[in-house]
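Here the structure is laid out as structure tokens; the discussion comes afterwards.
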Amino acid sequence: MDATTVTARTLISAKTSSKMDGAELAANREGKSTDPKADAAVRFALKVAQNRGQVDAQDIAAAKLAGYSDGELVEIVSHVAVNVLTNYMFEVFDVEVDFPHVKAASAA
């Protein structure tokens with residue numbers, strides 16, 4: 001993820017997630033979560049994004065073991081796809097970021 005993406009996602013999360021505290025935002029920026037079930041979702045989403053959708057049966061099984069249904073996994077993949085689309089639009093049209101930058105925590 002580039003700095004623009006991290007900035008946008010962090011700002012949106014901070015503004016829209018009343019249950020998300022600073023520790024959770026920091027963990028998410030590392031591709032993790034402080035909540036075990038959410039951690040499985042974040043790790044699954046990261047694997048989908050990093051491997052361009054190429055996940056294996058073990059990845060799906062791990063997410064299901066954490067309590068996610070097939071429909072919820074489809075939703076997670078859909079969120080990844082929307083974020084990829086947004087990133088492409090930012091890049092293609094050189095969208096100017098008009099809010100404070102947030103430094104990426106890692107190469108997640």
Side-chain angles (χ1 to χ4, degrees):
M1 255 187 252
D2 65 14
T4 301
T5 303
V6 172
T7 298
R9 305 288 180 253
T10 302
L11 180 66
I12 291 166
S13 294
K15 298 286 186 193
T16 61
S17 300
S18 60
K19 295 188 328 184
M20 194 174 290
D21 61 17
E24 182 64 12
L25 282 172
N28 287 179
R29 290 177 56 216
E30 293 283 344
K32 302 171 187 167
S33 175
T34 59
D35 174 81
K37 184 175 181 183
D39 188 62
V42 172
R43 288 179 188 273
F44 181 72
L46 184 60
K47 186 101 181 221
V48 169
Q50 287 178 331
N51 296 325
R52 298 181 180 180
Q54 299 294 314
V55 297
D56 57 34
Q58 291 174 328
D59 299 317
I60 294 169
K64 285 185 173 185
L65 185 63
Y68 290 98
S69 67
D70 288 338
E72 289 169 322
L73 294 180
V74 168
E75 187 174 350
I76 291 167
V77 173
S78 298
H79 282 287
V80 172
V82 167
N83 287 331
V84 169
L85 175 65
T86 302
N87 294 346
Y88 283 4
M89 292 298 178
F90 280 16
E91 292 299 321
V92 169
F93 298 107
D94 195 26
V95 174
E96 181 180 342
V97 178
D98 60 353
F99 42 84
H101 283 269
V102 175
K103 185 178 178 194
S106 68

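A search for side chain to side chain contact (heavy atoms under 4.5 Å, CB included) contacts involving Ala66 returns Ala40, Tyr68, not counting sequence neighbours. In this structure, Ser78 has no side-chain hydrogen bond (donor to acceptor under 3.5 Å, both in side chains) partners at least two apart in sequence or on a different chain. Residues satisfying the side-chain hydrogen bond (donor to acceptor under 3.5 Å, both in side chains) criterion with Asp70, sequence neighbours excluded, are Lys64. The side-chain hydrogen bond (donor to acceptor under 3.5 Å, both in side chains) test applied to Glu75 returns no partner, not counting sequence neighbours. Ala45 pairs by the side chain to side chain contact (heavy atoms under 4.5 Å, CB included) definition with Ile76, Val80, not counting sequence neighbours.
Using a 4.5 Å cut-off between side-chain heavy atoms of Ile, Leu, Val, Met, Phe, Trp and Tyr, with links allowed through other members, Val48 and Tyr88 fall into the same hydrophobic cluster. Using a 4.5 Å cut-off between side-chain heavy atoms of Ile, Leu, Val, Met, Phe, Trp and Tyr, with links allowed through other members, Val42 and Ile60 fall into different hydrophobic clusters. When the side chains of ILVMFWY residues are joined at heavy-atom separations under 4.5 Å, either directly or via intervening members, Phe93 and Leu85 end up in a single hydrophobic cluster.
Listed by first and then second residue, the side-chain hydrogen bond (donor to acceptor under 3.5 Å, both in side chains) pairs that reach into residues 32-48 are Glu24-Ser33, Glu24-Thr34, Asp39-Arg43, Lys47-Asp59, sequence neighbours excluded.
Remark: side-chain polar atoms of Gln54 are not paired, donor with acceptor, to backbone N or O of Asn51 under 3.5 angstrom.
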